[in-house]
Amino acid sequence: MEIFLGKTGIRLFERHLEQYKPEDPLYEFYTDSQGKKKRRKRATPPGLSARDAEILKSVQRRAHYLDKGFSIFGFQFGWTFFIGLIPFVGDAVNVYLDYRLVVKKARQADIPLWLLHRMLFHILVGAGVGFVPAIGDVLVAVYKPNSRNAGLLMEFMRIRGEEYMRLQAEEAIVTSSGSRSQVDSQGRGLSKADQEQVKPGAGLVQGEISQITGSNAAPNSTDVRPSIQSPPKKRLFRFFGMSGADSPAA
């Protein structure tokens, strides 16, 4: 009966596997000039402090090996799959590792409370699924809670970096022109309430220059300040399924 449930569960997820499978937090695929598909490490979003960049890279690396470090016939799984096979204690160990290696590290980046709750929710879902007889460990390998949490952090850091660069561009325009009229005419970014959640420039120390151009910028690039762009209203919380007005304070 357990074998039948296992095959049925796998067939159930095969149809919509891509929907349930989050992207690899460490690597991305691209097509080169010759049309070949290759893999490379994801670039760090520009505008982050050295502290935030290090935290993000660490979370991406740990989530990758916990969820996607191995591949058999196209099915990716990580160390959590093997640990989950240990009777009785495997699932408890996985919960500890998911929090200790990924979520606790992400908290060092001053993330808001609502984002922390979303990450903890993913861990709880993974833990609950892991207790399903026979197919629990397979479902956890498909759900990949660590990759989902790394994805949340990547998107949050991208928005933090973009907002910091926008504020820097505004400051440069005001300094050179002595007026905010040109800045106001180009539109504003996040609201004050959202900025308090995002904390642009978080982790910067005195004298530090953030990675304005990003890790994948051209070596000879001289454009280190972006133009001011007006992002879609409430862009910050659209990815997380909530609005700025409904978001709890950090």
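Just so it is clear, the model here is predicted, and its values are computed rather than measured. Values below: every heavy atom of this structure, side chains too, minus hydrogens, waters and symmetry copies.
If you take CZ on Arg107 and NZ on Lys105, they are separated by 13.5 Å, rounding to the nearest 0.5 Å. Put simply, CD on Glu54 and CG on Leu48 are 12.0 Å apart, with the number rounded to the nearest 0.5 Å. A distance of 13.0 Å separates CD1 in Ile159 from CD in Gln195, rounded to the nearest 0.5 Å. For the atom pair Lys41 NZ and Tyr27 OH, the distance stands at 5.0 Å (nearest 0.5 Å). Summarising the geometry, atom CG belonging to Leu101 is positioned 10.5 Å from atom CZ belonging to Arg61; distances are rounded to the nearest 0.5 Å. Going from atom CG of Leu153 over to atom CG of Leu115 covers 7.0 Å, rounded to the nearest 0.5 Å.
Taking every heavy atom of both residues into account, Leu56 and Met157 meet most closely at CD2-CB, 4.1 Å. Shown here for Gly47 and Tyr164, the closest heavy-atom pair between the two residues is O-CD2, 3.5 Å. In terms of heavy-atom proximity, Pro25 sits nearest to Lys68 at CD-CD, 4.1 Å. Ala109 and Asp52 get closest at one heavy-atom pair: CB-OD1, 3.8 Å. When all heavy atoms are compared, the tightest approach of Ala106 to Val59 is N-CG2, 4.0 Å. For Ala141 against Phe77, the heavy-atom pair with the smallest separation is CB-CB, 4.1 Å.
One finds a salt bridge joining Glu162 and Arg158 here, because a Lys/Arg side-chain nitrogen approaches an Asp/Glu carboxylate oxygen to under 4.0 Å. Using a cut-off of 4.0 Å between Lys/Arg side-chain N and Asp/Glu carboxylate O, Asp32 and Lys38 are scored as salt-bridged. The pair Glu170-Arg166 meets the salt-bridge criterion, with a side-chain N (NZ, NE, NH1 or NH2) lying under 4.0 Å from an Asp/Glu carboxylate O.
In the hydrophobic cluster analysis, where Ile, Leu, Val, Met, Phe, Trp and Tyr join through side-chain heavy atoms closer than 4.5 angstrom, Leu124 is grouped apart from Leu116. Neither Leu26 nor Met119 shares a network with the other; the hydrophobic side chains, linked directly or stepwise wherever heavy atoms of I, L, V, M, F, W or Y lie under 4.5 Å apart, form separate groups for each.
The backbone N or O of Leu97 lies less than 3.5 Å from no partner atom in the side chain of Arg62, so there is not a single donor-acceptor pair.
Each of Asn146, Asn149, Asp98 was compared with His122 under the side-chain hydrogen bond (donor to acceptor under 3.5 Å, both in side chains) criterion, and only Asn149 meets it.
Enclosure of atom OH in Tyr96 is not indicated, since only 12 or fewer non-hydrogen atoms of other residues, nucleotides or ligands lie within 6.0 angstrom.
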The test is side-chain contact (heavy atoms from CB on, under 4.5 Å); show your working for Arg51 and Ile55 and say whether it passes. CA-CA 6 Å; Arg51 183 205 68 176; Ile55 291 173; 4.0 Å; yes
One pair to check against side-chain contact (heavy atoms from CB on, under 4.5 Å): Val103 and Ile123. What are the steps and the verdict? CA-CA 9 Å; Val103 177; Ile123 291 180; 3.4 Å; yes
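Side-chain contact between Ile86 and Val93 is absent, with no heavy atoms from C-beta onward closer than 4.5 Å. By the 4.5 Å heavy-atom criterion applied to side chains, Met154 and Glu23 are not counted as neighbours. You'll find the side chain of Leu66 reaches within 4.5 Å of the side chain of Val102, heavy atoms only.
The ring of Phe82 has its center closer than 6.0 angstrom to the ring center of Phe70.
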